[in-house]
Amino acid sequence: MYRKGEVRYQALALPDRVQKPNDQALADALAFRDYMKKRHSVRQYSTQPVPQEIITACIEAACTAPSGANHQPWHFVAISNPAMKTQIREAAEEEERAFYSGGAGDEWLAALEPIGTGVDKPHLTEAPWLIVVFAQRFGLTEDGTRYKNYYVPESVGIATGMLITALHQAGLCCLEHTPNPMKFLPALCGRPEQEKAVMILPVGWPAEDATVPAVAKRKKPRDQVLSVFE
C-alpha cells in the first residue's frame, strides 16, 4: 500500500456530505435500529447459491472502516470451494472436540449451554460462503520494508462489525466462529506469515427451518448499556 518515506499529511476537502435535518436523521436512525434488531446469528443455511458479487460488495463496504494510522490491517478471504470448506470444518471440529472434552472450564461451558453449541459444525460446509477474516500483525511497503500496524484488534473488529452489518443489509445471515488456533488457515488461504486468522463467518440465506436460541433475543435494556451526560 505504501512506499517507504512517501506518506505525507495533505488536507483534502470533505469529499462527501451525508448530513440530514434532525427529523430525518432521527427517523433514519430509528429505522436502522429496528432493522438491525432483525439481525440474527444463524447456524442452519439454505443451499441456495449466493452470487459472488454480493459477497464482494459487502467486503468492500467493510474495507471502508476506520483503522489505526489508516493502515487497514485486515484481509478477507471468501471461500465457496467445497474441498476448502470441508478442510476448515474438519479442523474446526477437531478443535471443538478438545474444547468440549476438557479444554474449556466448567464456567465457560455453562455459559454456552443456553446457546446450544456443540462439536458438530455443519454450517461450515452447508453455508454457500465462508469469509475468513485475517489480521495483519505488520505491513510491508511495496519494496518489502516492514512497518508497524497500530490498534490491530480494534481496527479489524470495527471492519468485521461493518461486514456483518453489510451482510445483514443484503438480507444474508452469518455466524461468528472464532478459530482456535487453526494455524493452517494462512497457508490454505494463500496468506503471508504475518497474518493471523481471527474469525470465520459462514454466510448465506437462512434455511426454511432455521432456528435461533431463545436466549439470543434477550438484550440488555438501554439503561444498562448507555450513559448520557448533558
Side-chain angles (χ1 to χ4, degrees), residues 1-2 7-42 45-46 48-78 127-129 131-136 139 149-178 198-199 201-206 210-230:
M1 176 177 175
Y2 295 118
V7 179
R8 297 288 186 273
Y9 174 74
Q10 179 181 3
L12 179 68
L14 181 64
D16 304 291
R17 293 183 180 272
V18 297
Q19 287 69 35
K20 308 169 185 179
N22 286 343
D23 56 349
Q24 185 62 54
L26 177 59
D28 289 353
L30 292 173
F32 183 74
R33 176 202 64 188
D34 293 343
Y35 182 70
M36 290 305 297
K37 287 182 177 181
K38 299 177 181 179
R39 189 209 63 79
H40 304 291
S41 296
V42 169
Y45 292 89
S46 166
Q48 178 184 350
V50 176
Q52 179 180 327
E53 293 80 5
I54 299 176
I55 300 299
T56 299
C58 291
I59 292 174
E60 288 176 338
C63 290
T64 67
S67 61
N70 192 38
H71 283 189
Q72 303 157 51
W74 50 65
H75 189 91
F76 300 91
V77 175
W129 289 92
I131 301 177
V132 185
V133 183
F134 285 90
Q136 297 175 341
N149 285 330
Y150 301 92
Y151 299 106
V152 175
E154 296 85 349
S155 300
V156 176
I158 294 170
T160 303
M162 289 180 62
L163 173 58
I164 293 169
T165 303
L167 293 168
H168 180 56
Q169 177 66 21
L172 294 165
C173 294
C174 68
L175 179 71
E176 301 72 36
H177 177 77
T178 50
V198 296
M199 189 168 293
L201 298 176
V203 178
W205 313 112
T211 63
V212 298
V215 71
K217 294 298 294 178
R218 299 182 191 171
K219 303 299 181 184
K220 291 181 178 180
R222 183 166 59 185
D223 62 358
Q224 291 186 21
V225 299
L226 171 67
S227 298
V228 177
F229 297 90
E230 293 186 303

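Numbers for residues simply follow the sequence, beginning at 1.
- In terms of heavy-atom proximity, Tyr45 sits nearest to Pro202 at OH-O, 3.2 Å.
- Of all non-hydrogen atoms in Pro128 and Gly204, the two that sit nearest each other are CD-CA, 3.7 Å.
- Residue pairs satisfying the salt bridge (charged side-chain N to carboxylate O under 4.0 Å, His left out) criterion with at least one member in residues 30-42, sequence neighbours excluded, are absent.
- Taking CG of Leu167 as the reference point, atom CD1 of Ile54 lies at 10.0 Å (rounded to 0.5 Å).
- How far CD1 of Ile59 is from OG1 of Thr64: 12.5 Å, rounded to the nearest 0.5 Å.
- For His168, the ring-ring contact (aromatic ring centres under 6.0 Å, His included) test picks out Tyr35, with sequence neighbours left out.
- Closest approach of Ser155 and Gly68 over heavy atoms only: OG-N, 3.0 Å.
- Closest heavy-atom contact between Ala65 and Ala159: CB-CA, 3.7 Å.
- Identified under the salt bridge (charged side-chain N to carboxylate O under 4.0 Å, His left out) test for residues 156-171, with sequence neighbours left out: none.
- Put simply, the side chain of Ser41 reaches to within 4.5 Å of the side chain of Glu176, judged on heavy atoms.
- Around atom CD of Gln10, no more than 12 heavy atoms belonging to other residues, nucleotides or ligands sit under 6.0 Å away.
- For Gln24, the side-chain hydrogen bond (donor to acceptor under 3.5 Å, both in side chains) test picks out Asp28, with sequence neighbours left out.
- Counting non-hydrogen atoms of neighbouring residues, nucleotides and ligands closer than 6.0 angstrom, the CG atom of Asn22 reaches no more than 12 such neighbours.
- The distance from atom CG of Leu201 to atom SG of Cys174, rounded to the nearest 0.5 Å, is 5.0 Å.
- Screening Val152, Val156, Thr160, Val132 for a side-chain contact (heavy atoms from CB on, under 4.5 Å) with Val198, the sole residue that qualifies is Val156.
- Taken from CE in Met199 to CZ in Phe76, the straight-line distance is 10.5 Å, to the nearest 0.5 Å.
- Taking each heavy atom of Tyr150 and Ala69 in turn, the nearest pair found is CD1-CB, 4.0 Å.
- Applying the side chain to side chain contact (heavy atoms under 4.5 Å, CB included) criterion to Gln48, with sequence neighbours excluded, gives Ser46, Trp205.
- Nearest heavy-atom pair, Pro15 versus Leu12, reported as atom, atom and distance to 0.1 Å: CG-CD2, 4.2 Å.
- Annotation: the span from Glu60 atom CD to Glu53 atom CD amounts to 11.0 Å, rounded to 0.5 Å.
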- Query: Given Val203 and Ile55, is the side chain to side chain contact (heavy atoms under 4.5 Å, CB included) satisfied, shown in steps?
  - Reply: CA-CA 9 Å; Val203 178; Ile55 300 299; 3.8 Å; yes
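- Legend: residues meeting ring-ring contact (aromatic ring centres under 6.0 Å, His included) with Tyr151, ordered by chain and number and at least two apart, are absent.
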